[in-house]
Number of protein chains: 6
Amino acid sequence: MSTVIYPGSFDPCTNGHLDIIRRASKIFEKVIVAVLCNSSKAPLFSAEERVQFIKDAAKDLPNVEITSFSGLLVDFAKKNNAKIVIKGLRAVSDFEYEFQMALTNHNLCRECETIFIPASAEYMFLSSSIVKEIASYDGDLTGLVPPDLVPVLRHRFGFC
Amino acid sequence: MSTVIYPGSFDPCTNGHLDIIRRASKIFEKVIVAVLCNSSKAPLFSAEERVQFIKDAAKDLPNVEITSFSGLLVDFAKKNNAKIVIKGLRAVSDFEYEFQMALTNHNLCRECETIFIPASAEYMFLSSSIVKEIASYDGDLTGLVPPDLVPVLRHRFGFC
Amino acid sequence: MSTVIYPGSFDPCTNGHLDIIRRASKIFEKVIVAVLCNSSKAPLFSAEERVQFIKDAAKDLPNVEITSFSGLLVDFAKKNNAKIVIKGLRAVSDFEYEFQMALTNHNLCRECETIFIPASAEYMFLSSSIVKEIASYDGDLTGLVPPDLVPVLRHRFGFC
Amino acid sequence: MSTVIYPGSFDPCTNGHLDIIRRASKIFEKVIVAVLCNSSKAPLFSAEERVQFIKDAAKDLPNVEITSFSGLLVDFAKKNNAKIVIKGLRAVSDFEYEFQMALTNHNLCRECETIFIPASAEYMFLSSSIVKEIASYDGDLTGLVPPDLVPVLRHRFGFC
Amino acid sequence: MSTVIYPGSFDPCTNGHLDIIRRASKIFEKVIVAVLCNSSKAPLFSAEERVQFIKDAAKDLPNVEITSFSGLLVDFAKKNNAKIVIKGLRAVSDFEYEFQMALTNHNLCRECETIFIPASAEYMFLSSSIVKEIASYDGDLTGLVPPDLVPVLRHRFGFC
Amino acid sequence: MSTVIYPGSFDPCTNGHLDIIRRASKIFEKVIVAVLCNSSKAPLFSAEERVQFIKDAAKDLPNVEITSFSGLLVDFAKKNNAKIVIKGLRAVSDFEYEFQMALTNHNLCRECETIFIPASAEYMFLSSSIVKEIASYDGDLTGLVPPDLVPVLRHRFGFC
């Protein structure tokens, strides 16, 4: 009954994203991770790759489904009979942007609610951008992304 | 199954609090509103009064239970077999304090999760303190608190 | 005598911008809305179009003049014998950027003062970017921009 | 015609407050500085003293009037046929509190508008509390308050 | 040569404070921890107790000296021939207050510099107030304060 | 012994950067200014030019060394036997980004510490971007950059 959508670019997913997915899967009956594929910025990984990375990392969580979407989040939510969107919250800058999106989505669809899950302390300052910057100089990614992603990222940046 | 606790001082409850209660009652199976009665500050209303105000205002919501508690929130949560705490989020200052409390509670009880529900735009800047300040000068409380509370507040501040 | 300048990209103007214009027109004798046409980002609408949209939406306000400018705001202000700049303030991130610009302009021209008008609660999280993102997926723009702009935006994004 | 109210505790006024008064007196036709005398906290100086300090420091500004008030600001504004409230803005924490008050006052009186004047860079972090803390240890107050106030503050804290 | 002062109330010291002390002792030649004893608020522990707690917890750090002071920090700094003040930084609200104090101290003594050391992720949301609140309900203090302080706090709150 | 690294883009250096360099040179034995040359954004000035500008402006500071680097900051720090990174802190948005970088670097190298030096009040809102924007319209750069840089910037933007 209580299905939630966890939307994002996940380019790529970090251990912070997976922590949110894991915790959400204990709170809600079903979690749909929705990989946004119409971002204007050119992503590092294709939507298919990004979906697969999360599928691999979350394969032990039976009530988590991973898919991609394009268009407005509220339209995706309606199609999936889900009214609740979850977002992780890290720093204050997150907060303002996410508030703006939550109110915008609520405006577009009165039944759509967004709720926020605070990042765990150890992931408070982790982001996909930081991961990509470190990877681009072949820095140590241990603990930042799922172990299987480390060689994938090194390869993508030409280090093996 | 998914029982959540909504703790607070609620001295008194505002329409912003009631908006959070109403929206939470649609998302979760059971909402326990927990009126904190061990605040160090002397409250304007007794815990019993504060519980009753919310009971009156939320009487049409069958899955909402209102009670008071003292002591640590995590102990109250354990006693009620609830692991999820909800908090409304308004401005940035809220955000930091609530983050601190969420991490502290998570530290005290690893299973305890806090999730945040953003205030609706019209209640973004409403608080119990503002209500009390306006009431103390017999200002207009329409739209800020449940209608039944208006004469109670006026009386408490000696205006009738 | 008290002429103020309200500068911005207005690409396109939103109901939040028009709310600021309307309120400023009641406070000050003359309001010059100044559409910036030298932004480095490629705008969705030309400066002429952006000026015209505001002219249409504010045509009932006799003390509001709409024009475009390029170059430094302080130079435009001097040319128009105006020393007061007004800016709308929404969230905290606005605040810091606008503070920086206000101090910079004051540095460039000691007589130039910037004053801030807080967004109304219902427009606190509305921006031109959000409008464009919603429009790009043919989402509902009701209440976000002047009614006449809705078909214009739909057309620009290829939906009619 | 354009009369503005500048409310505050001014316990005591600082050079930051006087900077706002001076700048506002150039923008608006009349500035009413309104010293709040119903603050719940015990002030260091009486309302009469606080009014007099500002009168002394602003005596060269003919369009500035200093008075005290108690009760709701919107009631004071109505009595004085003034619809515009000005507030200085320093740091982010100011911003949120002042936003809350601006929206609350607008709610109590639809015609009441609050506009913000950013603190000058050199007064960005000056406050009455800081002044009182420094004065309580007989620290150097030069540049923080009007020169005439320095011996008054020293005397109040028992240093002469 | 590079002596720094780390001022604070430390009522009581937390593991967050000790983390800052430990890290500062590796960066600077001498660290003077300065326990403020003229705070207006009644402390839970006397200045002597607070000094002793830090002495016990930092006894393995030879270049750390713990003492108490009253009055203005800049006067204490001058007396100790130290020009550098260090402060831990946690959340945004810290940041603004500490900035204000840093600029105020720099104003009072041009040679006085304040530098900030960011809290470690695990202590980002830990404070003396939180510790006291948890202790007042006999909550678990493990990991929040030095082990020796746990029974002291329990005793102070009447739990043994 | 206590060598610190001050990394940045410095495109170009501002008087705010030089203020940090000057103050840091009084606190630490050696300051290595490290001009980042692998930024993804196309810089206005080459790394060589940026290094030279700082060399010219800081030539009276014998314990300051200016160099460029690419790659991860922690790798550069290791190569230079430096464990301490300094960063200037201006507004709140700085704060969050810098915190993220500090924690990330600490994660990549446990011995690496970042400490923050608050901007002086007069440079609180100065940045390289603001300088470039003003220069692009031939605005007055006095007091924002070292005097020698003014004609260089004017020339780069085609004004002489």
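The chains referred to below are lettered A, B, ... by the order of the sequence lines, with proteins before strands, and numbering in each begins at 1.
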Can you tell me which portion of Leu103(C) sits under 4.5 Å from chain D's heavy atoms? Options are side chain, backbone, both or neither.
side chain
Residues in salt bridge (charged side-chain N to carboxylate O under 4.0 Å, His left out) contact with Asp60(D), at least two apart in sequence or another chain:
Arg22(D)
Using a heavy-atom distance cut-off of less than 4.5 Å, which residues of residues 138-150 of chain C contact chain D?
none
Against chain C, label Ile115(D) side chain, backbone, both or neither, depending on which of its atoms sit under 4.5 Å from a heavy atom there.
both
Mind checking the CG-CG spacing from Leu89(D) to Leu89(C)? Nearest 0.5 Å is all I need.
6.5 Å
Could you measure the distance from the NZ atom of Lys26(C) to the CD atom of Glu113(D)? Nearest 0.5 Å is fine.
7.5 Å
When only pairs under 4.5 Å are counted, which of Lys87(D), Glu111(D), Met124(D) shares the most heavy-atom pairs with chain C?
Met124(D)
How close do Pro118(D) and Phe99(C) get, heavy atom to heavy atom, and via which atoms?
CB-CZ, 3.6 Å
